[in-house]
Amino acid sequence: MSEFAVPAPVQPSVAIATSNARFPVRRVFCVGRNYASHAREMGNDPDREPPFFFMKPSDAVVPANGTIPYPSLTSNLHHEVEMVVAIGRPGFNVSVEAAPDHVWGYGVGIDLTRRDVQDQAKKMSRPWDWAKGFDSSGPCGALVPVSEIGHPSTGSIWLNVNGTPRQSGDLNEMIWSVAEIIAAISSSVAIAPGDLIFSGTPAGVAALNPGDTVTAGVDGIGEISFHISGVS
Ligand code: MN
């Protein structure tokens with residue numbers, strides 16, 4: 001067996017609420033504009049768009065507690081609270097009907113976004129990667145297995161900054177359901193155990209500042225809380 005030329009990367013993983021085992025992160029898919037209210041606040045028409053996706057590196061996923069560094073290259077770091085879907089079974093071209101069988105569990109995550117970098121990318125028709133895929137850009141709380149909570153399709157999804165409500169919505173406002181999202185992603189690439197899907201954010205995205213405390217949750221799944229550090 002050959003050895004690696006440099007130290008092999010550490011497998012990114014997420015805590016599991018009901019056990020000491022961890023969920024290994026393979027890939028991180030993110031859905032754009034999946035709540036009508038957020039699509040509108042970003043200046044888009046929610047009725048005309050099929051789902052679209054972008055990705056974060058697997059090691060952008062970090063525990064949603066303690067301190068998250070304020071990233072470089074931005075002065076407009078935005079919070080986007082999202083329900084995170086954890087995939088537990090492989091599949092390609094999965095039907096909407098079969099999609100729930102591929103879900104292992106659910107969590108609460110934040111799609112941290114360098115909004116100024118994203119605005120510039122949109123203006124210049126460039127990719128979003130630098131706006132979305134930076135280090136620690138995907139804080140994620142402990143996952144809850146489907147065996148505990150089933151498949152939540154309604155329930156409050158919210159985010160407070162320093163105790164003040166910023167985002168408040170309901171899972172039932174999602175334009176594309178989790179099953180439809182899985183069907184769409186798996187029509188493009190094969191999904192596999194370890195894949196995470198950030199399923200979109202409701203309205204109210206806004207800037208975070210160094211020193212802020214972020215608290216967020218999804219009813220029935222859990223709550224997360226972390227601080228934003230000073231400028232790095
Ligand atoms: Mn998002």
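In listed order, ligands and their atoms are each counted from 1. Worth knowing before you read on, the calculation uses all heavy atoms, side chains too, and leaves out hydrogens, waters and symmetry mates. When a residue number appears, it is its place in the shown sequence, counting from 1. Keep in mind the model is a prediction, meaning the values are calculated, not measured.
Take the Mn ion (ligand 1) and draw a sphere of radius 2.8 Å; the protein N/O/S atoms inside it number 3.
In this structure, V25 and D195 have side chains that are not in contact, with every pair of non-hydrogen atoms separated by 4.5 Å or more. Counting heavy atoms from C-beta outward, Y106 and L143 have side chains that stay 4.5 Å or more apart.
By the neighbour-count criterion of 12 heavy atoms within 6.0 Å, atom CG of D135 is sparsely surrounded, having that number or fewer from other residues, nucleotides or ligands.
No close placement of the Y35 and W176 rings is indicated, their centers lying 6.0 Å or farther apart.
Of the candidates H78, Q167, H79, E82, Q167 is the only one forming a side-chain hydrogen bond (donor to acceptor under 3.5 Å, both in side chains) with T201.
Within the structure, every pair that satisfies the side-chain hydrogen bond (donor to acceptor under 3.5 Å, both in side chains) test and touches residues 204-213, not counting sequence neighbours, is listed here: N162-D212, T213-H227.
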